[in-house]
Amino acid sequence: MSGREHGPDAADLAWCHEAVQGVSRTFALTVDVLEEPMASQICVGYLLCRVADTVEDAGHIPPDAQSDVLRTYRRAIDPDDETDIGEFREAVDEWLPAELDDDWTVVAEAPTIAATFEELDPDAQEAIVPPVLEMVDGMAMFVDRHATEGGLRIDDRDELEQYCYYAAGTVGNLITNLLTRGDVGEERAERLRETAEEFGLLLQLVNVSKDVYDDYTEENNVYLPAEWLEAEGVDQERVVHPENRESSARVVDRTADYARSFLDDAQAYLETMPLSNGNTLEAWTVPYLLAVGTLRELGTRPEDALTETGVKVSRQEVFAVMSAASDVGRDSLAELRQTIARTPFHRTVGSAD
């Protein structure tokens, strides 16, 4: 990655923190309760990933151009390549929407993110780069693989897991690379590495389960596996059609159940992570417990994932979870998970009502 010779000032870093608030409220909750230097390292690392994610999700970019832009970005991020981040900015320029939303503003500001990244500690940069390169490689591969379909069409469970790995398992590895720097015992580091991908897979599979309608109508992507839909007599192109509501809902249910299979490993990841370099248990407990709550809601009404209604936990529950997570200990994680799996959390805590 070759950016400006003199790194960004505090204003650029402040912009990065503000940008995360716009593109992911859930991830912003995490960054907000991390301490420095981890907060800024995770924030900037996430934005590097988000640039690629937005390009990969862009239905208006022809697949050939999409993979070219992604590969230019990959070269610009790679410290062993001479490509400048400005070359990516030029390559993506013609595809920027006339009016930039929060996601596309992040893409347009990739040079700012890259310059901010270059001011991080060298060991943090080394921790962040490999998972980001792997993510971009995977996204370009998926764009190429489904180039004739006009959007992603996942075939079976193996491909779904592979996609979720590139989209979020890599982020789990990025977090783990940052957590395992310094004085972390090898046994602990190994346990983290063994469960990092599962933490990412859980969160991504929850998104896949709950966002079927938006993924199809806004981005022309169908992540529910064709094989599972076919077993219910549903064509992927009619996944959100009202006549298939009941059948597609069973596939949403099946995908959510698949997500649940990663809950134990994700919990083990949280129970193992070191609280050093500004890391906090609260930061990762919040998205984990919100995933548990979302899976509960999906279990109650999977058909809502197929309509504009969507599936999400209430704002009251989000606030109650955040409040509980602020003083959660490793030994209370399992109990919190069980409580939230049964009923909306704010209803179990009188003070949050």
Side-chain angles (χ1 to χ4, degrees), residues 24 26-27 29-31 33-34 38-39 41-42 45-46 49 123-124 126-135 138 157-209 255-296 321 324-325 328-341:
S24 174
T26 305
F27 211 87
L29 295 177
T30 291
V31 172
V33 292
L34 286 167
M38 190 69 72
Q41 292 166 356
I42 290 287
Y46 177 76
C49 295
D123 64 338
E126 288 171 19
I128 289 168
V129 165
V132 177
L133 295 183
E134 190 178 14
M135 170 187 274
R157 195 189 86 158
D158 287 348
E159 190 179 26
L160 174 60
E161 183 169 328
Q162 185 185 40
Y163 176 79
C164 289
Y165 169 73
Y166 284 119
T170 51
V171 180
N173 289 336
L174 186 158
I175 296 162
T176 304
N177 287 353
L178 287 169
L179 291 179
T180 51
R181 293 170 298 159
D183 190 22
V184 177
E186 187 48 44
E187 192 177 326
R188 189 180 202 179
E190 187 57 33
R191 184 72 177 124
L192 283 167
R193 285 192 282 266
E194 284 172 358
T195 52
E197 293 170 19
E198 284 75 9
F199 183 74
L201 287 172
L202 166 69
L203 301 184
Q204 188 66 24
L205 282 165
V206 169
N207 288 340
V208 164
S209 304
T255 310
D257 213 39
Y258 183 39
R260 289 184 190 96
S261 73
F262 295 99
L263 281 166
D264 288 347
D265 277 342
Q267 181 178 315
Y269 184 73
L270 294 176
E271 290 169 343
T272 309
M273 60 168 46
L275 305 180
S276 52
N277 295 314
N279 187 42
T280 66
L281 186 59
E282 178 186 1
W284 309 107
T285 297
V286 169
Y288 175 73
L289 293 177
L290 292 179
V292 172
T294 306
L295 286 170
R296 181 198 66 235
V321 166
V328 71
R330 297 179 199 275
D331 53 351
S332 57
L333 258 177
E335 187 183 345
L336 269 173
R337 168 184 161 185
Q338 288 170 357
T339 302
I340 292 168

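Only heavy atoms go into these numbers, but all of them, side chains included; no hydrogens, no water, no symmetry mates.
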Exercise. With side chain to side chain contact (heavy atoms under 4.5 Å, CB included) as the test, would you mind laying out the steps for S209 and Y258 before giving the verdict?
Key: CA-CA 10 Å; S209 304; Y258 183 39; over 6 Å; no
Practice problem: Taking all heavy atoms of P287 and all of T26, pick out the closest pair and write down the distance. | Solution: CB-CG2, 4.1 Å
Quiz prompt | Side-chain heavy-atom pair L270, R330 within 4.5 angstrom cut-off | solution = no
Practice problem: Look at the aromatic rings of W284 and F27 and report parallel, tilted or perpendicular, splitting at 30° and 60°. | Solution: perpendicular
Quiz item: Quick one: are E126 and V129 in side-chain contact, heavy atoms under 4.5 Å?
Solution: no
Quiz item: CG of L333 to CG of L281: how many Å apart, nearest 0.5 Å?
Solution: 5.5 Å
Quiz item: L160 and T255: side chain to side chain contact (heavy atoms under 4.5 Å, CB included), yes or no, with the steps?
Solution: CA-CA 10 Å; L160 174 60; T255 310; 4.2 Å; yes
Self-check item: Minimal non-hydrogen separation, V33 against L29, with atom names
Solution: CG2-O, 3.3 Å
Quiz item: What's the shortest heavy-atom distance between A266 and Y288, and which atoms?
Solution: CB-CE1, 3.7 Å
Name each donor-acceptor pair under 3.5 Å that joins a side chain in residues 193-205 to protein atoms two or more places apart or in another chain, with its distance.
{"residue": "R193", "atom": "NH2", "partner": "E186", "partner atom": "OE2", "Å": "2.6"}
{"residue": "T195", "atom": "OG1", "partner": "R191", "partner atom": "O", "Å": "2.9"}
{"residue": "T195", "atom": "OG1", "partner": "L192", "partner atom": "O", "Å": "3.4"}

Quiz prompt | Nearest non-hydrogen partners of P131 and T170, listed with the distance | solution = CB-O, 3.3 Å
Quiz prompt | Polar side-chain atom of R181 near backbone of D123 as donor-acceptor pair, under 3.5 Å | solution = no
Self-check item: Nearest-0.5 Å distance that lies between atom SG in C164 and atom CD in E159
Solution: 10.5 Å
Quiz prompt | Any side-chain heavy-atom pair of I175 and N279 under 4.5 Å | solution = no
Quiz prompt | Heavy-atom check, side chain of L174 versus side chain of C49, under 4.5 Å | solution = yes
Quiz prompt | Donor-acceptor side-chain pairing of T176 and Y269 below 3.5 angstrom | solution = yes
Exercise. Check the pair L179 / N277 against side chain to side chain contact (heavy atoms under 4.5 Å, CB included), numbers first and verdict last.
Key: CA-CA 8 Å; L179 291 179; N277 295 314; over 6 Å; no
Quiz prompt | Closest non-hydrogen atom pair, T280 against L275 | solution = C-CD2, 3.8 Å
Quiz item: Mind checking what makes salt bridge (Lys or Arg N to Asp or Glu O under 4.0 Å) contact with D265, not counting sequence neighbours?
Solution: none
Quiz item: Is D183 salt-bridged to R188, going by a charged N under 4.0 Å from an acidic O?
Solution: no
Self-check item: Considering all heavy atoms, the nearest A283-T30 contact
Solution: O-OG1, 2.8 Å
Practice problem: Taking the side chain as every heavy atom from C-beta outward, state whether N173 and Y165 have any atom pair closer than 4.5 Å. | Solution: yes
